[in-house]
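Computation of the quantities below employed the complete heavy-atom set of this structure, encompassing side-chain atoms and omitting hydrogens, waters and symmetry-equivalent molecules. Just so it is clear, the model here is predicted, and its values are computed rather than measured. Start at 1 and go down the list; that is how both ligands and their atoms are numbered. Residues: numbered from 1 along the sequence shown.
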Amino acid sequence: VVGPRQSINLLHLRPFTLHSNRYHRGHSTNRVEYRAAATITSERERARTVAAYYNQPAVEAAAKKKSVRLTPSAILYHGRSEDEATILRSAQYLQKEMPVRVAKRIMAFRDLPFIVGCNPIILGVHELYLRAFNILNNFPAINTKEDEVSYSRKLSELLEDHQDVVTQLASGFRECRRHIHNEELVARFLDKTLTSRLGIRMLVQHHLSLRENKPNYVGIINVGMKLKEVIERSCQFVSRVASHKYGRVPLLKLSGHVNAAFPYIELPLDYILPEILKNAVRATVESHSEIEVMHLPPIHITIASNEIDFIIRISDRGGGIPHHLTKRALEYNFTTANDGATSSPPAFSGTSSPEGVFSNMIEAVNPNPVGGPMHGFGFGLPTSRAYAEYMGGSLEVQAMQGIGTDVYLRLKHINSPGAEKEITRCYSS
Ligand code: ADP
Ligand code: MG
């Protein structure tokens, strides 16, 4: 069964499949795709999407505009009143800002090497952005509360529609990147696309949360975030995924400044922490035989919080990363998951819908009891590092070959001196 999001490709695939069948492998017939598409997207909307594909001037004009930044500190100190006027202003800001950011992403898709840009999955994501641009750019001016309500509804729909984008890019690039040997080109595109997506999602969720008026939050900023709770949430998620996959899970021990509480945004942590923990758990389990199940060495998570930043170190005793692979571990699509060590599902089999198999990787902390895959895309580390740097921090991997691995995640406090300048980037395009 072809997922609805892939089916939007159809119109662009058709001419291409005339030349090469390769790009169509793993997908059902055109007829089936077409029907699937018709059920989710009205003909008119499809026509508009296609028109937008060629509507260069609108995208180009928007892409040239400067993105208007909004810093977390500004939000924290000025966004406290959740009255109607604030929410209306917030929607008006988004209405100006979103098409610009989305247009810049579309330009980046256009700049991809032909062989990559034509990959059906990547093309599908490209079209998702075009569709979003179209919807956002054509939305009538927001003047009343009712306008704001319908704009916000559109925004939540778009968030939902773009939920699987990271997974789609991961599988798309896995399919076609062997044709390009320029790692830097891939890294630049993915760093930018993924971090910009994070920034957009933070902005949108910030606006949507402002309307909810949750206690202790200013939009998406948790004004007294207890770091321990965020980490524990990720530990529980990863333990669930791992016990489903392996039937055994090492202990996850937390120490250091376990009472640290400060204002921060949970969204990036909810992606980064599970990815690092999954790697640590996998290495621990796979480097110890099943007889050693009682003696799996624990994974130590240490937190430190100071005036400037907070640091999370995750140490495992999973044997480390071999010398010749330490640099590559941070490359997109580099994984040791397919070398026989695991029984993870194949990359992108035609029979499994992407929604079903990969969906949980994106917003990793998922209420779903049986979580997403442990590994397999080679996206966990590079994406986490890109997110950390985008937030004005860093992610470092230190392997002690023969023993284990330490991963250091450092993030600046929102109110630390000088942090504002760096963290500003999380609200820039
Ligand atoms: P994936 O988990 O999908 O393979 P990642 O980007 O998360 O992708 O990790 C890339 C590779 O780096 C892994 O396949 C593994 O070989 C190596 N790696 C990452 N973390 C660890 C770790 N803690 N111990 C040993 N190897 C690791
Ligand atoms: Mg991983």
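Only side-chain heavy atoms of D316 come within less than 4.0 Å of ligand 1; its backbone N, CA, C and O stay farther off. With a heavy-atom cut-off of 4.0 Å, R282 touches ligand 1 through its side chain alone. Contacts between A329 and ligand 1 below 4.0 angstrom, taking non-hydrogen atoms only, involve backbone and side chain alike.
In the candidate list F379, Y332, F334, F334 is nearest to atom 10 (C) of ligand 1, counting heavy atoms. Among G320, G376, G318, the residue whose heavy atom lies closest to atom 25 (C) of ligand 1 is G320.
Backbone and side-chain nitrogen or oxygen atoms of G378 are examined, and one is located within less than 3.5 angstrom of a nitrogen or oxygen of ligand 1. Between A337 and ligand 1, a contact under 3.5 Å exists for no N or O pair. Between N279 and ligand 1, a contact under 3.5 Å exists for at least one N or O pair. Of the N or O atoms in G380, one or more lie within a sub-3.5 Å distance of an N or O in ligand 1.
The protein heavy-atom contact nearest to atom 26 (N) of ligand 1 is I321 CG1, 3.3 Å. Residue, atom and distance of the protein heavy atom nearest to atom 4 (O) of ligand 1 are T335 OG1, 2.5 Å. Protein heavy atom in closest approach to atom 16 (O) of ligand 1: T336 OG1, 2.5 Å. The protein non-hydrogen atom at the shortest distance from atom 6 (O) of ligand 1 is L381 N, 2.9 Å.
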Inset, instruction - Evaluate the ring pair (Phe, Tyr, Trp, His ring centres under 6.0 Å) criterion for residues H413 and Y264: first the C-alpha distance (whole Å), next the side-chain angles of each, then the deciding distance (0.1 Å), finally the verdict. - result: CA-CA 7 Å; H413 282 300; Y264 207 71; 7.6 Å; no

Inset, instruction - Just do the side chain to side chain donor-acceptor pair (under 3.5 Å) check on N119 and E175 with the steps written out, would you? - result: CA-CA 8 Å; N119 174 278; E175 277 187 9; 2.9 Å; yes

Inset, instruction - I would like to know whether Y93 and H207 meet ring pair (Phe, Tyr, Trp, His ring centres under 6.0 Å); could you show each step before the answer? - result: CA-CA 10 Å; Y93 162 74; H207 171 74; 9.6 Å; no

Inset, instruction - Test side chain to side chain donor-acceptor pair (under 3.5 Å) on S67 and E97 and set out the steps. - result: CA-CA 6 Å; S67 174; E97 181 66 16; 2.4 Å; yes

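For the residue pair Y271 / E266, no side-chain donor-acceptor distance below 3.5 Å is found, with atom types taken as modelled. R313 and S255 share no donor-acceptor pair across their side chains, judged by distance under 3.5 Å alone. A donor and an acceptor atom, one from each side chain of Y332 and D191, are located under 3.5 Å apart.
Here H162 and Y129 bring their ring centres to under 6.0 angstrom of each other. In this structure, the ring of F173 has its center no less than 6.0 angstrom from the ring center of F379.
Of all heavy-atom pairs spanning A62 and P99, the tightest one is CB-O, 4.0 Å.
Y217 carries K214 over the face of its six-membered ring, with the cationic atom under 6.0 Å from the centre and within 45° of the normal.
The atoms of ligand 1 that sit less than 4.0 Å from any heavy atom of H375 are 1 (P), 2 (O), 3 (O). Close approach of ligand 1 to P382 (heavy-atom distance below 4.0 Å) involves ligand atoms 6 (O). Every atom of ligand 1 is numbered from 1 in the order shown, and the set under 4.0 Å from a heavy atom of F377 is 3 (O).
Within the coordination shell of the Mg ion (ligand 2), defined by N, O or S atoms under 2.8 Å, N279 is present.
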